[in-house]
Peer 1: 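Once you've had a glance at the structure underneath, I'll fire off some questions.
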There are 2 protein chains.
Amino acid sequence: MPASARDLTAIFDRNEIPDTYRISFLANSIIVPVYDGIKRDVGLNRGEYLLLFCLAHFAELTAQDVANMSGRPRNSISRGVHRMVAQGYIDRSPDKHDGRQAWLSITEQGRALHVRLVKRFKDREDEVLNGLNAAQRTQLSKLLQKLVLHTSSIG
Amino acid sequence: MPASARDLTAIFDRNEIPDTYRISFLANSIIVPVYDGIKRDVGLNRGEYLLLFCLAHFAELTAQDVANMSGRPRNSISRGVHRMVAQGYIDRSPDKHDGRQAWLSITEQGRALHVRLVKRFKDREDEVLNGLNAAQRTQLSKLLQKLVLHTSSIG
DNA sequence: TAAATATTGTTCTATTTGGAACAATATGCC
DNA sequence: GGCATATTGTTCCAAATAGAACAATATTTA
């Protein structure tokens, strides 16, 4: 029996920033259990998975690109790159003209892993978003899309 | 000048889980800069702020309550409690009937800090959500509310 | 061309984080 | 009551995280 039988979910609606609270709650609800599973079953941490995810959608990226896209610091990416290269999930080839940077790409093996792992996110996404009917879900997608564009334009 | 002039925002729409990606992106866009500012200006980390936030909306909570509400492990809360008590933002009084637990509550000083800090979230929330007009924003709120209820019911 | 400034990716370091084990207390079961 | 099981909150420890400084290379400016 838990400590208190009081309704702690009251905070959902009775706080000063309900939309922020809800968005954050939903993000965590979808993502956290999936990352936990990936960590447990495959041994990849969040930064490593994000690296794989980014590279699954572009032919080539630099570490800096991934840092920009994922919002993680470059040193985290750097460590992830070395571990993922060692495990055969990504390739790394130094730029021929710019000695500082290197181009990263996903390997066949990495692609296969991505396909397997992204399904976990998709399944969990469906579980959560099934709280809406089809029309509502379309509506939500459009609103989110609009917001993301707006947000990346204001920085 | 950044590394690549390619359009890295293409990933917003061309991935397998666009809604998850968007929700996560929006959550981070709102929350991360505010937490960074709070850390910089007030010295509170995320767990400590969440503790303050939870206590601002309930008269009394146990550490376990806060762990349940915030999704953070109990040891993080425990550490936060001691720091926040030492700084005078929260009070802690052991339960008279159950020697294991203690009741936490926000102090006047803590309340004042909460009022000040939650404004930062509100301002950032508005910046981001101003990408929608009033009707759309209402629509979004309703959809999010519905999803949060659904999600907390499925666990 | 030379010097000042940028950028990339890395290492170093301190902080944050969370799992696991733990002591203290409470509850359930016989 | 007495023994097994829960729960609470804490400490311990290993991993993740991110800021800062750094070396190597490019670019810009004079």
Side-chain angles (χ1 to χ4, degrees), chain A residues 1-5 8 28 31-33 35-51 54 60-86 90-104, chain B residues 1-5 8 28 31-33 35-51 54 60-86 90-104:
Chain A
M1 172 73 101
S4 47
L8 300 180
N28 285 331
I31 283 176
V32 170
Y35 274 130
D36 286 349
I38 290 176
K39 178 67 192 172
R40 186 183 60 241
D41 302 337
V42 191
L44 298 187
N45 65 31
R46 189 177 292 220
E48 287 158 358
Y49 178 72
L50 276 172
L51 182 56
C54 289
E60 283 188 315
L61 293 171
T62 65
Q64 180 68 59
D65 288 336
V66 177
N68 291 340
M69 291 172 72
S70 65
R72 314 219 143 244
R74 288 175 303 166
N75 53 7
S76 295
I77 306 296
S78 175
R79 260 169 298 142
V81 166
H82 292 295
R83 281 204 55 200
M84 297 291 275
V85 167
I90 70 176
D91 275 339
R92 180 182 188 283
S93 60
D95 187 302
K96 295 198 168 50
H97 306 294
D98 188 330
R100 296 168 304 178
Q101 67 185 7
W103 293 97
L104 309 172
Chain B
M1 173 73 101
S4 47
L8 301 180
N28 285 330
I31 284 176
V32 171
Y35 275 130
D36 286 350
I38 290 175
K39 177 70 191 170
R40 186 183 60 241
D41 302 337
V42 190
L44 297 187
N45 65 30
R46 189 178 292 219
E48 288 158 359
Y49 178 73
L50 276 172
L51 182 56
C54 289
E60 283 188 316
L61 293 171
T62 65
Q64 180 67 56
D65 288 335
V66 177
N68 291 339
M69 292 172 71
S70 65
R72 315 220 140 243
R74 287 175 305 164
N75 55 5
S76 295
I77 306 295
S78 175
R79 260 171 313 194
V81 165
H82 291 296
R83 281 202 56 198
M84 297 291 275
V85 168
I90 70 176
D91 274 339
R92 180 182 188 282
S93 59
D95 186 301
K96 296 199 167 50
H97 305 293
D98 188 330
R100 295 169 305 179
Q101 67 185 7
W103 292 96
L104 310 172

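Below, read A as the first sequence line, B as the second, and so on, with proteins coming before strands; counting in each chain starts at 1.
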Peer 1: What nucleic acid atoms does A:R72 come within less than 4.0 Å of, heavy atoms only: base, sugar-phosphate, or nothing?
Peer 2: sugar-phosphate
Peer 1: In this structure, how many angstroms lie between the C1' atom of C:dG18 and the OH atom of A:Y35, rounded?
Peer 2: 17 Å
Peer 1: Distance from B:D36 atom CG to B:D41 atom CG, nearest 0.5 Å?
Peer 2: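 The CG atom of B:D36 sits 10.5 Å away from the CG atom of B:D41.
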Peer 1: Can you find an N or O donor on one side and an acceptor on the other, under 3.5 Å apart, linking the side chain of B:R74 with the base of D:dG9?
Peer 2: yes
Peer 1: Taking CG from B:D98 and C1' from D:dA6, how many angstroms apart are they, rounded to a whole number?
Peer 2: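 Rounded to the whole Å, the gap is 11 Å.
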Peer 1: What distance do B:E60 atom CD and B:S93 atom OG have between them, rounded to the nearest 0.5 Å?
Peer 2: 6.0 Å
Peer 1: Measure from CG on B:L61 to P on D:dT8 and round the result to the nearest Å.
Peer 2: 13 Å
Peer 1: What's the CH2-P distance between A:W103 and C:dT7, to the nearest Å?
Peer 2: 16 Å
Peer 1: B:L104 CG to D:dT8 P: how many Å, rounded?
Peer 2: 13 Å
Peer 1: Applying a 4.0 Å non-hydrogen cut-off, can you work out what A:R92 is touching in the nucleic acid: base, sugar-phosphate, or nothing?
Peer 2: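 Touches sugar-phosphate only.
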Peer 1: Among D:dA24, C:dT10, D:dT7, which nucleotide sits nearest the side chain of B:R100?
Peer 2: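 Of the options given, the side chain of B:R100 lies nearest D:dT7.
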Peer 1: Indicate syn or anti for D:dA6, taking the glycosidic torsion and treating anything within 90° of 0 as syn.
Peer 2: syn
Peer 1: Let me spell it out: for each of A:R46 and A:H97, pick the nucleotide of DNA chain D with the closest heavy atom. Which residue's pick is nearer the 5' end?
Peer 2: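 Its nucleotide being nearer the 5' end, the pick is A:R46.
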Peer 1: Check the distance between C:dT17's P and B:I77's CD1 and give it to me in whole angstrom.
Peer 2: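 Those two atoms, CD1 and P, are 10 Å apart.
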Peer 1: For C:dG9, does the base pair up with any side-chain atom of A:N75 as donor and acceptor (N or O, under 3.5 Å, distance only)?
Peer 2: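 Counting by modelled atom types and ignoring angles, no donor-acceptor contact under 3.5 Å is found here.
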Peer 1: A:S76 side chain N/O closer than 4.0 Å to the phosphate oxygens (OP1, OP2) of D:dT17?
Peer 2: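 Negative; the distance criterion is not met.
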Peer 1: Tell me: CD of A:E48 to P of D:dA15, nearest whole Å?
Peer 2: 13 Å
Peer 1: Which value, rounded to the nearest 0.5 Å, describes the distance between A:L8 atom CG and B:M69 atom CE?
Peer 2: 5.5 Å
Peer 1: Since syn is defined as within 90° of 0, does D:dA21 count as syn or as anti?
Peer 2: anti
Peer 1: Looking at CZ of B:R46 and CG of B:L50, how far apart are the two atoms once the value is rounded to the nearest 0.5 Å?
Peer 2: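 Output value for this atom pair is 7.5 Å.
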Peer 1: Would you say the side chain of B:R79 and the base of C:dG18 hold a donor-acceptor pair, judged only by whether the two atoms sit under 3.5 Å apart?
Peer 2: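 Pair found.
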Peer 1: Counting only side-chain N and O atoms of B:K39, is one of them less than 4.0 Å from OP1 or OP2 of C:dT16?
Peer 2: yes
Peer 1: Any side-chain heavy atom of B:V85 sitting closer than 4.5 Å to one from B:H82?
Peer 2: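 In short, these two side chains do not touch, never coming nearer than 4.5 Å.
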Peer 1: Which residue lies toward the 5' end of DNA chain D, B:A63 or A:R83, if each is placed at its nearest nucleotide?
Peer 2: B:A63
Peer 1: Distance check needed: D:dA26 P versus A:K96 NZ, whole Å only.
Peer 2: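 It is 14 Å, rounded to the nearest whole Å.
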Peer 1: On DNA chain C, does the nearest nucleotide to B:G99 precede the nearest nucleotide to A:D36 from the 5' side, or the other way round? Give the residue.
Peer 2: A:D36
Peer 1: In dot-bracket form, 5' to 3', how is DNA chain D paired? Count Watson-Crick and G-U wobble pairs only if both distances fall under 3.5 Å, and write | where the partner sits on another strand.
Peer 2: |||||.||||||||||||||||||.|||||
Peer 1: Please check if the side chain of A:S70 supplies one atom and the backbone of A:V66 the other of a donor-acceptor pair under 3.5 Å.
Peer 2: yes
Peer 1: Atom CG of A:L44 and atom CE of A:M84: how far apart are they, to the nearest 0.5 Å?
Peer 2: 5.0 Å
Peer 1: Check whether A:D65 reaches the backbone of A:T62 with its side chain - one donor and one acceptor, N or O, closer than 3.5 Å.
Peer 2: yes
Peer 1: Quick one: which of D:dA6, C:dG9, C:dT10 gets closest to the side chain of A:H82?
Peer 2: C:dT10
